[in-house]
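Just so we're clear, the structure is a prediction, and the values are computed from it rather than from any experiment.
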2 protein chains.
Amino acid sequence: MTSVQSPVPRDERRRRSEAAILDAARELFAEAGFERTTIRAVAARAGIDPALVMQHFGSKEALFAASTRWSKDHQSILTATPDSFAAAAIDDLLSHFEQGEHREAAVALLRNCLTHPTALAAMRDEVMCERKAAVEAGLSGDDVELRAGVFAACMVGLGMARYLIKMEPVASATAEELHRVMEPALRALVRPPATGG
Amino acid sequence: MTSVQSPVPRDERRRRSEAAILDAARELFAEAGFERTTIRAVAARAGIDPALVMQHFGSKEALFAASTRWSKDHQSILTATPDSFAAAAIDDLLSHFEQGEHREAAVALLRNCLTHPTALAAMRDEVMCERKAAVEAGLSGDDVELRAGVFAACMVGLGMARYLIKMEPVASATAEELHRVMEPALRALVRPPATGG
DNA sequence: TTCTACGGTCAACACGCGTAGAGTGAGATG
DNA sequence: CATCTCACTCTACGCGTGTTGACCGTAGAA
């Protein structure tokens, strides 16, 4: 009947706090954006004191940098053949946004990439340019780099329309429907333009 | 030699002030986003006092609403045939962003549409859905609404990549190059999917 | 000329923010 | 047990913000 003596060691407590802060920060940065998210709100959601956030991450900027991340796993695109680029890219996008682990961090990056300098640089250099390069490597014909760039731009547009702007019916479409509709368009970018008759 | 008596009537002065404020606000909202733009900075760029901004627009939110606008002129899409949708949509996008008048207002809306509630609603309801409807009206076959939605999403993705994220070579491509590369992809969305062999 | 209306400025308020430093109490260590 | 360590909290500072109301000088009306 006695309340159990706390069996939680110190470093375990610290790890849990950090995880709680990161979870709260990711959610808020993803929902409201960087500027509208306050350290106090993050702390409140994590159930701890605002000063503890500073102690863990040093600054709001550093917390933001630690909260936003786009998984670097785009093997599925790199190993795809030109014929399967389209499907692989769509799956790559969906996998980032429809599983719990990476979801909030990816939404947070996407949400802020137009207004936050760090997020913008990450989006351009670490997400889009990498995807562009992965696609580019498998293309042939004219305008290879531009076609790969437009390819990446369309994917980003799809992600924004679906997960942030939530424009219907793009937001509620199933993965299958998206593949059915989007793949032909992406294939037109992958396929070398017919130069001859 | 006497300094010329001010020939500027009062209402003309007022109109000039308002125009100067709007110009400054559009530039700053477009460059830095809503939260990072201060009334003081707008006033400084317009060469007037911060309080005058309030007197003219009442609040920062109202100034923002008056500064961001996406021209409603999408006649070129409405009057296009399914065959010319793609070209018309690209021209529609380029015309918004490459002429002085609408440019800043459109960039301001696009820049903030992921982080500002009003801008998000405007983007979804007044820009994307209208374009989607315009395209949708000319489509046939299955998934009409979704295809039109994805069409709009790709256009927005192109705009963001080109004018905000500035990913190369999309950002520096000529209009001609964009047409050459992008049109086939959009055509694949417009063309009814081949259901039979 | 005299009075009024109004475009424009000045100084300041109240608030919320990121951040810092001292303090506290429970777990680790001997 | 005594002592130290450290995760955590409390309180507060300084600053920049949106916003306000009193004030000023001049263009227009009488």
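Taking OG1 of T174(A) as the reference point, atom NE2 of H179(A) lies at 10.0 Å (rounded to 0.5 Å).
Applying the 4.0 Å criterion to OP1 and OP2 of dG8(C), one finds that S17(B) has a side-chain N or O inside that range. H56(A) has a side-chain polar atom (N or O) that falls below the 4.0 Å cut-off from OP1 or OP2 of dC8(D).
Near DNA chain C, meaning a heavy atom under 4.0 Å away, the residues from residues 29-47 of chain B are R40(B).
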- Protein proximity profile, nucleotides 20-25 of chain C - base contact B, sugar-phosphate-only contact S, no contact -, cut-off 4.0 Å on heavy atoms: BB----

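In this structure, the CZ atom of F64(B) is 13 Å from the P atom of dG18(D), given to the nearest Å. The separation between R16(B) atom CZ and dG8(C) atom P is 11 Å, rounded to whole Å. Protein atom CZ of F57(A) is 16 Å distant from nucleotide atom C1' of dG18(C), rounded to whole Å. Counting to the nearest Å, the C1' atom of dT19(D) and the NZ atom of K60(B) are 12 Å from each other.
Each of D11(B) and S59(B) was assigned the nucleotide of DNA chain D with the nearest heavy atom; the assignment lying further toward the 5' end belongs to S59(B).
No continuous path of ILVMFWY side-chain contacts below 4.5 Å connects F34(B) to L109(B), so the two sit in separate hydrophobic clusters.
Under the 3.5 Å distance criterion, the side-chain polar atoms of N112(A) are matched with a main-chain donor or acceptor of A108(A). With R147(A) contributing its side chain and D142(A) its backbone, the two residues share a donor-acceptor pair below 3.5 Å. For E168(B) (side chain) and S172(B) (main-chain N/O), a donor-acceptor pair under 3.5 Å exists by modelled atom type.
In the set dG7(C), dA28(C), dT9(D), dT9(D) carries the atom at the smallest distance from any side-chain atom of L52(A).
Electrostatic pairing of E98(A) and R103(A) does not count as a salt bridge here, judged by no charged N lying under 4.0 Å from a carboxylate O.
When side chains are defined from C-beta on, Y163(A) does not count as touching R111(A), because their heavy atoms never get closer than 4.5 Å.
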- Step-by-step salt bridge (Lys or Arg N to Asp or Glu O under 4.0 Å) determination, R15(A) to E18(A): CA-CA 5 Å; R15(A) 229 172 291 126; E18(A) 183 158 323; over 6 Å; no

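In the model, E61(A) has a side-chain atom that pairs as donor or acceptor with a side-chain atom of H116(A) under 3.5 Å.
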